[in-house]
Structures are given as C-alpha cells and as structure tokens.
Amino acid sequence: MRAFLRPGWLSAALLVLVSLFVWKPELATLAAGIALFILGMHHLEDGFKAFTGGALERWLTRSTNRLWKSLGFGMLSTALVQSSSLVTLLSIAFLSAGLISLSAGIGIVFGANLGTTTGAWLIALVGLKVDLATVAMPLLVFGVILGRRGEAHWKGLGQVLLGIGLLFLGIDLMKSGMGGFEGALALEQLALSGWLGVLLYVAAGLVATVLMQSSHATLMITLAALAAGQLSYDNALAMAIGANLGTTITAVVAAIGSNQAGRRLAAAHILFNLVTAAVALAVLPLLSQAVDVISESVGIAADSYTLKLALFHTLFNLLGLVLMVPWVKPLSRGLLRWLPDRSVARGRPLPLGEQPGSRARFLNDASLRHADSALKVLQAEVANLGRLSREVVAAAAYLPASVGRGMNPEQLQTFVSRPVPPELREDADALYDRHIKPVYGDIFEFISRIDVSLLPEQQHSVMNQTLAARDLVEAVKAAKHMQANLRRGVDSQNAAVRAAYRELREQCGLALIDLARLDDLQGDREEQQRLLSGYLDQETLFAEAYQRNVQTHVRNREMDGWQATSLLNDLNYLLRVRRRLHSAHVVLAENHDVAVQPALDSLPRERIEPSFSLP
C-alpha cells in the first residue's frame, strides 16, 4: 500500500481513475459509494471509542477468564461496532501489554470473525431494500452538529451518527453505481464456472479487501453486484471467502508494530482465516447445499441470493469456529514455542551487572491506537520501571535484588552485619545507565507519541505516571550518590563509621521490604494507606535518632567532623530515596486496581530472584 501511494504511482492511479470516470460515470458513483462507506466506518470507530469513554477496552479486560467469554466478547463487540479490525487491533494491543492471556486473545479474534457476519445480514436485509439516502441525511446533519460540541461524549455521539450516515449514503451510492451497469457491460457474461472461477473470485475478494482495508466494503460491493445481476451467485460465494482472507492484512500490519505477544495473536488470526477458507473451499458444494436447505426451512426464497450469501458467510465462519475452538489451548502452546520472547534469559539467573541492558517491556506501537490501551501499557511499564528501580537501589546499598521479597527484617539485620559479598559490589552508575535510563527514555518517548483523544481522568492518569517515573529515576540518582561514600564506609577501619553505614543499608532494605508489601495488598486500600503512613513515621523517627547517634560519636571522639558530615549527607540521600520511592509507589499501588498485576506477573523471574544463597 505504501509503495502504491508513492507520488509516481499515485499520479498514475489518479489518471487511470479519472479516465474510467469519464468513460463510465457510473464507476464514479460506485467509487464514491465505496469511499463514503469506508469513511463512515472510520467515523463510527472513532466515535464509538470517544462515546463510550474507553468502555470497549474495559469490557475487553473483563472478558478473559473463560474462553466462552472471550468468544462472546469478540462476537458482540464486532456486531456492535461493525469492525472486526478495531476489535483485533485492541486485542493485539492488550495482549502486547500482557493484560490478557494469549488464549483469551485468540478467543476474541475467533469470535470477531463470526461477529463480522452481522454486517452482511444488515446490508442484505435492510441496506438493499430501503432508501437509505433518506435516512442518512438527518443523521449527517445531527452528526455534524453534535461533533462540534466540546464534551467528549457528545462529540463521540456525533461521530457515531456521522459514521452511520456515511455508511448508509455509501451503500445507496454503491447500489446506484451497480444499477447503472445494467445492460451496459453485461458482467454476468464474465461469470466463470468450475474451480477456475472459484479461485479467481476468491483472489478478487482478497485483493479488494486488502486495498480497501475493509471486508465490509468488499461484501457490500459483492451484495450490490449480486442484487443488480452483475455477479453470479456462485462467484459471489467465492468473493465472500476471499474477503475473509483479506482481513488478515489488518493483523499483519498491527503485528509489525507489536512485540512477540502481538505477533502470536496475529499468527493465530491468519491461521484461523486460512483454515476456514481452505475448509470452506474444500466443502463448497456441501455448504451451498446446506444454505439451500436452511433457506427453504426458514422461508428464504430460492432466488433471494443476497440473503443466501449472508447465510453462507455466517455458515462458513461458524464452521471455522467449530473446527478451531477445540485447538485454542494447543495453538497457544505452539505459538509460545514458535515465537518465544527474545528477552527471556536462559540458565542461571544473573545479577543486574551481568544482564544485558533493559528496555521497555510493554510499550508498543499497537497500543497507541486507543487511549485505554495506551494508558494501560504505560501503567505496566512504569510498574516495570518501579521494580527495576528498587533492584538498582538495593544494589547501590549492596543488598540483594530480592531484598523486598527474599528477606524479613530479622534476616536483613543479620545480612548487613556481615561483610559485603564480592558479587554484590555493583556500580550503581553503570546499573543506572544500563537499566534505568533506557526504560525511562522509552517511557518518555511513548508519552510524547500518544496522539489520541484523552478524557480528563485519562489525562490525569498520564500525568501521574509521568511524575511516578520521574520520582523513580530521582530515587536511583540519589542512591548513586549515597553509594559513593558507602563504598568506602563499609570497609572503614573505624568501627563507628562501619556501624553507621550498616544502619543506612538496613534502613534502605527495610524501605524496600515495606514497598514490596504493597504488591501483596492489591485492593486493600485501607491497609495500603496504613502501611504508607507507617512508612513515613518510621522515616522521621530513624532520621532523628541517626543524627543524635552521629553527634554522640563525634562528641566521644569516635569519628571526626569530616566523617560525620559525610554520614549526614548520605542520610539525606537515603531520605530522598525513600521519599521518591514512596511518591512513586502511591501511584503504583493505585495501578493494581486497574488490571496491571497480570502484566507484572508476566515478568521473567530472573529479575527478582537472588543470585546467591542467603546466609
């Protein structure tokens, strides 16, 4: 498509179109109908997203714990918004963020394929029998008026009405365009029988869908041509199969900007459509007979080819669903093997200093298409940065990365009383450059690229995530400064200095233990608030007691003023670490209430397991 839209190709294509429109004005009417239909679908998608305030995305996150729920969500949401592309893109974005499972994503995409058949029924039952232009006019007027309102819900409703109006007007123009060919081109004489005709029209349906990026538009053209007598019924069946195959291009395009998880779902979507098309072609005569039998039993006339085409479209998608649903779990396992995560380390867990540089785990281009999906992957990535930051802070204090979950306060006190193991003497500056700065840079770039309309509460959440990420980075920077003196202090010949730095390390570990407990209090807002309040009280008491102890050591000539001021500076760095982590984790604790925990659980465990045995 991009090559086709280059200046040279675009000029040639426009010249050909102008020539065709001059030669046959009905072609211009048909092309205008197609253009309005596609434009209407885009307005309908945008309007629905704004009108519902992200409801579609929230429904998606709740429809993942059972396969039947995933299938139902895919069918109902596609029938509602009349766009399997929108539902597929959302599923890829959420799966890329780790917010839904692969099996759930596959169920949604499979259900969307069946849900898209409702469009053919609507067109066949209503679109070709009613003067839709008359209905479209007031919808267009109301859509334009409401679309100019500032409120998001009114503007979204206006986009929905405008989209429906353009859809109706496009259908009416396509009917007129096809009707103009009657007796002029005699396209019915081009009907091909046998497998040559089937394959040719399958290819025609596939190409039309790829070019227009809409199987609905292809089906609309097919139904209009069938109703006008410009296309034979058998060839129309083949075009419907080709239109289904063409929808895979949406998944392919989305997968290009996604991670491995999104590519797995795109592969499942392609496989479903290929299997469905292959089976439909293999049993095409039997499917055609089944359509005749069902049509007769429900009262559809033998020559009502548009309704029979809609029934065929539903039957072969239902057949694909029946064949593929039992294989969802084996397919998920196979895709995980064929497309493994490149970032998952193999073998023994490594300390941070030996790991390759970190980059964003959840941010992806596919999530930028929708406000809620962009916000959720951002929340997941800031939580990932929070986990990395705690590990680097622990490393700066010569503590194991697992201190928050691998130790209790008593074990921590025992650990810091012993000499620092050589494997824990990592350089915080190097860890910051390797793990924190790259992820923070990716987060900042992602936020700058969010170019979709945000509701006020979504804008507030983005601001909170931005501030939380900044606080985490500032905490690590303070820990870097603290390590400069701590590196000498832990090996000092002065027992009072060694003990003072041991206290700083212990307090740093206690802060990490308290913050890690927030992950275990998901949904318990009262307990979270109690823990955070106690966290601040503990900080104040420790700071006062520590300063008194340092003054006592100076008074007793156990350390000099130079050593004392260095300790007080490092105390301030520790307090800055604690406060910045506290501010960030207030936001991270709120994230647990919006389905971020599944994403965190998907992180490879080598990041939080100790690389050595505890004493």
Side-chain angles (χ1 to χ4, degrees), residues 350-355 357-358 382-407 409 411-412 415-416 420-421 423-440 443 467-487 489-490 501-519 531-532 535-536 538-539 542-543 546 569-589 600 603 606-611:
L350 298 174
L352 277 174
E354 299 178 29
Q355 291 181 21
S358 299
V382 173
N384 178 33
L385 180 63
R387 181 166 291 180
L388 285 171
S389 299
R390 281 186 291 187
E391 292 179 6
V392 175
V393 167
Y398 295 154
L399 298 171
S402 64
V403 60
R405 295 190 178 279
M407 292 182 180
Q411 291 174 319
L412 174 65
F415 182 85
V416 298
V420 177
E423 60 267 30
L424 284 186
R425 293 178 180 267
E426 299 190 88
D427 182 17
D429 271 310
L431 296 180
Y432 170 80
D433 290 336
R434 188 179 302 170
H435 298 288
I436 303 302
K437 192 171 183 178
V439 176
Y440 182 55
I443 289 173
L467 295 176
R470 187 200 63 185
D471 284 335
L472 291 169
V473 172
E474 291 299 323
V476 175
K477 287 183 177 179
K480 290 194 315 178
H481 293 302
M482 182 181 70
Q483 192 190 60
N485 288 328
L486 186 145
R487 186 180 291 114
V490 294
Y501 276 107
R502 185 164 60 243
E503 285 186 69
L504 290 181
R505 292 176 61 210
E506 183 179 354
Q507 283 300 314
C508 185
L510 289 173
L512 295 174
I513 289 173
D514 285 342
L515 292 172
R517 286 178 58 196
L518 289 175
D519 293 342
L531 178 61
L532 291 171
Y535 178 92
L536 295 176
Q538 177 188 356
E539 175 184 290
F542 169 74
Y546 192 83
N569 285 336
D570 290 332
L571 171 63
N572 286 329
Y573 286 133
L574 174 62
L575 295 180
R576 191 181 304 173
V577 169
R578 289 176 57 95
R579 289 165 186 167
R580 293 289 188 172
L581 288 178
H582 169 267
S583 297
H585 280 72
V586 169
V587 176
L588 297 182
L600 299 181
L603 284 170
E606 73 271 6
R607 289 200 181 281
I608 63 171
E609 293 299 332
S611 55

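Residue indices begin at 1 and follow the sequence shown.
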Looking at side-chain heavy atoms only, is the closest gap between [X] and [Y] below 4.5 Å?
{"X": "Val490", "Y": "Leu486", "answer": "yes"}
{"X": "Val577", "Y": "Val476", "answer": "no"}
{"X": "Val382", "Y": "Ile443", "answer": "yes"}
{"X": "Ser389", "Y": "His435", "answer": "no"}
{"X": "Leu510", "Y": "Leu412", "answer": "yes"}
{"X": "Leu424", "Y": "Phe415", "answer": "yes"}
{"X": "Arg505", "Y": "Val420", "answer": "yes"}
{"X": "Val473", "Y": "Tyr432", "answer": "yes"}

On a heavy-atom basis, which atom in [X] and which in [Y] lie closest, and how many Å separate them?
{"X": "Ala397", "Y": "Cys508", "answer": "CB-SG, 3.9 Å"}
{"X": "Ala394", "Y": "Val403", "answer": "CB-CG1, 4.1 Å"}
{"X": "Ile513", "Y": "Pro409", "answer": "CD1-N, 4.1 Å"}
{"X": "Ala428", "Y": "Ala396", "answer": "CB-CB, 3.8 Å"}

Please enumerate all residues that pass side chain to side chain donor-acceptor pair (under 3.5 Å) together with [X], with sequence neighbours excluded.
{"X": "Tyr501", "result": "Asp570"}
{"X": "Asp433", "result": "none"}
{"X": "Arg502", "result": "none"}

Contacts of Asp427 that satisfy side chain to side chain contact (heavy atoms under 4.5 Å, CB included) - sequence neighbours left out =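 With neighbours one apart ignored, the set is Asp429, Ala430, Gln483, Arg487.
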
Can you sort out the partners of Glu503 under side chain to side chain contact (heavy atoms under 4.5 Å, CB included), two or more places apart, ordered by chain and number?
->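 With sequence neighbours excluded, Glu503 shows a side chain to side chain contact (heavy atoms under 4.5 Å, CB included) to Phe542, Tyr546, Asn549, given in chain and number order.
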
Going through the distances and angles, do Leu399 and Val416 end up as a side chain to side chain contact (heavy atoms under 4.5 Å, CB included)?
-> CA-CA 8 Å; Leu399 298 171; Val416 298; 3.8 Å; yes

In Å, rounded to the nearest 0.5 Å, how long is the span from [atom1] of [X] to [atom2] of [Y]?
{"X": "Leu574", "Y": "His481", "atom1": "CG", "atom2": "NE2", "result": "14.0 Å"}
{"X": "Glu423", "Y": "Glu426", "atom1": "CD", "atom2": "CD", "result": "9.5 Å"}
{"X": "Met482", "Y": "Asn569", "atom1": "CE", "atom2": "CG", "result": "13.0 Å"}
{"X": "Glu391", "Y": "Arg387", "atom1": "CD", "atom2": "CZ", "result": "7.5 Å"}
{"X": "Leu575", "Y": "Leu504", "atom1": "CG", "atom2": "CG", "result": "9.0 Å"}
{"X": "Arg578", "Y": "Ser583", "atom1": "CZ", "atom2": "OG", "result": "12.0 Å"}

State whether the side chain of His585 and the backbone N or O of Leu581 hold a donor-acceptor pair below 3.5 Å, judged by distance alone.
->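 Yes, the answer is positive, given that a donor and an acceptor are paired below the 3.5 Å cut-off.
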
Arg576 side chain to Ala478 main-chain N or O, any donor-acceptor pair under 3.5 Å?
->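 Side chain of Arg576 to backbone of Ala478, a donor-acceptor pair under 3.5 Å: no, none is there.
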
Name all residues meeting the salt bridge (charged side-chain N to carboxylate O under 4.0 Å, His left out) criterion together with Asp471; count only those two or more places apart in sequence or in a different chain, and write none if there are none.
->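 Salt bridge (charged side-chain N to carboxylate O under 4.0 Å, His left out) check on Asp471 returns Arg580.
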
Carefully, step by step, assess Leu431 and Ile436 under the rule side chain to side chain contact (heavy atoms under 4.5 Å, CB included).
-> CA-CA 7 Å; Leu431 296 180; Ile436 303 302; over 6 Å; no

For Tyr398, what residues pass the ring-ring contact (aromatic ring centres under 6.0 Å, His included) criterion, not counting sequence neighbours?
->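 By the ring-ring contact (aromatic ring centres under 6.0 Å, His included) rule, Tyr398 matches no residue at all.
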
